[in-house]
Trainee: 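Following this message is one structure expressed as structure tokens.
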Amino acid sequence: MAERREQTALDEMLTRIGQVVMLHHGGDREEARSRFLDLWAEIGEDGDALHRCTLAHYLADTQDDPADELAWDLRALSAARELPDGDPRGVPGFLPSLHLNLAADYVKLGRPEAARTHLGHARTAAGALADDGYGEGVRAAIARLETSLRRSGPADDGPWGPPRQRPS
């Protein structure tokens, strides 16, 4: 009985997070950020890892400063890594998106090497995604960011190709 109440409370928090996500997607970014921060205060730094991961992931999208966005995305990844293997609420399908967001954050901050590192993690983790709309969308976003980074110039002999030749 106590386990069922705990599960209901967990589900209620995810529902509340989802309601704020809808508010954000509806265009009220400032109000969404405020409500997300209220939920963050309620959950706390030591709250349920799935809640922290989900909330930080969406809170990042409401930030104006790319450095703040990065900080929230890093919190989301950290919380995702706290979920034990085999946890039915685990987020292996969420990891590609988390790494993709981090790669995009690093691009915004002018840190292409860090972006490439997280993009590689996103590509690797994408193997866990189903062949559905979500999986296809994440894989397409990974490919778009890879193309963008290639255009900005490779920095090593990694998967993005050899370094550009420098004039003598």
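From a predicted model like this one, the values you see are computed outputs, not experimental measurements.
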Trainee: Side chains of Pro112 and Val107: does their closest heavy-atom pair fall under 4.5 Å?
Mentor: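 Answer no - side chains too far apart.
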Trainee: Quick check against the 3.5 Å criterion: does Thr147 have a side-chain atom that pairs as donor or acceptor with the backbone of Ala143?
Mentor: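 Judged by distance alone, yes, a pair lies under 3.5 Å.
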Trainee: Testing the basics here: between Ala67 and Leu109, what is the closest heavy-atom pair and its distance to 0.1 Å?
Mentor: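 Shortest heavy-atom separation between Ala67 and Leu109 comes out as N-CD2, 3.9 Å.
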Trainee: Do Arg16 and Arg35 come within less than 4.5 Å of each other through their side chains, counting heavy atoms only?
Mentor: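 No, side chains not in contact.
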Trainee: Minimum heavy-atom separation for Ala125 and Leu95, please, with both atom names.
Mentor: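 That closest heavy-atom pairing would be CB-CB, 4.1 Å.
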Trainee: Quick one, Leu98 and Arg81 - any side-chain contact, counting heavy atoms below 4.5 Å?
Mentor: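 No, their side chains stay 4.5 Å or more apart.
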Trainee: Is there side-chain contact between Arg123 and Leu119, with at least one heavy-atom pair below 4.5 Å?
Mentor: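 Result no, sub-4.5 Å side-chain heavy-atom pair not found.
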Trainee: Just so I know, are the side chains of Met13 and Leu39 near enough to count as touching, which here means a heavy-atom distance under 4.5 Å?
Mentor: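 Result yes, sub-4.5 Å side-chain heavy-atom pair found.
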Trainee: Tell me, do Leu77 and Cys53 make a side-chain contact under 4.5 Å, heavy atoms counted?
Mentor: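 No; the side chains remain at least 4.5 Å from each other.
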Trainee: Step by step, would you call Arg139 with Asp131 a salt bridge (Lys or Arg N to Asp or Glu O under 4.0 Å)?
Mentor: CA-CA 10 Å; Arg139 283 188 288 274; Asp131 289 328; 3.1 Å; yes
Trainee: Of the non-hydrogen atoms in Ala115 and Leu149, which two are nearest, and what is the gap between them?
Mentor: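 Where Ala115 meets Leu149 most closely, the heavy atoms are CB-CD1, 4.1 Å.
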Trainee: Taking all non-hydrogen atoms of both residues into account, name the closest pair between Leu14 and His51 and its distance.
Mentor: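 So the minimum-distance heavy-atom pair works out to CD2-CD2, 3.6 Å.
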Trainee: Return yes if some donor-acceptor pair links the side-chain N/O of Thr15 with the main-chain N/O of Asp11 below 3.5 Å, else return no.
Mentor: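 Between the backbone of Asp11 and the side chain of Thr15 there is a qualifying donor-acceptor contact (under 3.5 Å).
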Trainee: Which pair of non-hydrogen atoms, one from Ile142 and one from Ala122, has the smallest distance, and what is that distance?
Mentor: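 Heavy atoms of Ile142 and Ala122 come nearest at CD1-O, 3.7 Å.
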Trainee: Taking atom CG of Asp64 as the centre, report whether more than 12 heavy atoms of other residues, nucleotides or ligands fall under 6.0 Å from it.
Mentor: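 More than 12 within 6.0 Å, yes.
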Trainee: So Glu82 and Arg52, salt bridge (Lys or Arg N to Asp or Glu O under 4.0 Å) or not? Walk me through it.
Mentor: CA-CA 10 Å; Glu82 290 177 31; Arg52 287 183 290 117; 2.5 Å; yes
Trainee: State the CG-CG distance between Leu59 and Leu37, to the nearest 0.5 angstrom.
Mentor: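 Leu59 CG to Leu37 CG: 5.0 Å, rounded to 0.5 Å.
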Trainee: How would you list all residue pairs meeting ring-ring contact (aromatic ring centres under 6.0 Å, His included) that involve residues 12-45, not counting sequence neighbours?
Mentor: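 Residue pairs with at least one partner in residues 12-45: Trp40-Trp72.
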Trainee: Checking Ile43 against Leu55 for the side chain to side chain contact (heavy atoms under 4.5 Å, CB included) test, could you report, in this order, the C-alpha distance in whole Å, the side-chain angles of both residues, the deciding distance, and whether it holds?
Mentor: CA-CA 9 Å; Ile43 292 169; Leu55 185 52; 3.6 Å; yes
Trainee: Working to the nearest 0.5 angstrom, can you tell me the gap between Leu102 CG and Glu69 CD?
Mentor: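 Result: 9.5 Å between the selected atoms.
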Trainee: Measure the NE2-CZ distance between His118 and Arg111 for me, rounded to the nearest 0.5 Å.
Mentor: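 Between His118 NE2 and Arg111 CZ, I get 8.5 Å after rounding to 0.5 Å.
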Trainee: With sequence neighbours left out, write down each residue that passes side-chain hydrogen bond (donor to acceptor under 3.5 Å, both in side chains) with Asn101, or none if nothing qualifies.
Mentor: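 So Asn101 forms a side-chain hydrogen bond (donor to acceptor under 3.5 Å, both in side chains) with His57.
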Trainee: Hey, are the side chains of Tyr58 and Val20 touching, using non-hydrogen atoms and a 4.5 Å cut-off?
Mentor: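 Not touching, per the 4.5 Å side-chain cut-off.
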Trainee: So how far is it from Ile17 CD1 to Thr54 OG1, rounded to the nearest 0.5 Å?
Mentor: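 Here the interatomic distance stands at 5.5 Å.
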Trainee: Arg75: which residues meet the side-chain hydrogen bond (donor to acceptor under 3.5 Å, both in side chains) condition with it, sequence neighbours left out?
Mentor: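 Once residues adjacent in sequence are excluded, Arg75 has no partner under the side-chain hydrogen bond (donor to acceptor under 3.5 Å, both in side chains) criterion.
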Trainee: Atom OH of Tyr106 and atom CG of Leu70: how far apart are they, to the nearest 0.5 Å?
Mentor: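 Result: 4.5 Å between the selected atoms.
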Trainee: Between CZ of Arg151 and CD of Glu146, what distance do you get to the nearest 0.5 Å?
Mentor: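 The CZ atom of Arg151 sits 12.5 Å away from the CD atom of Glu146.
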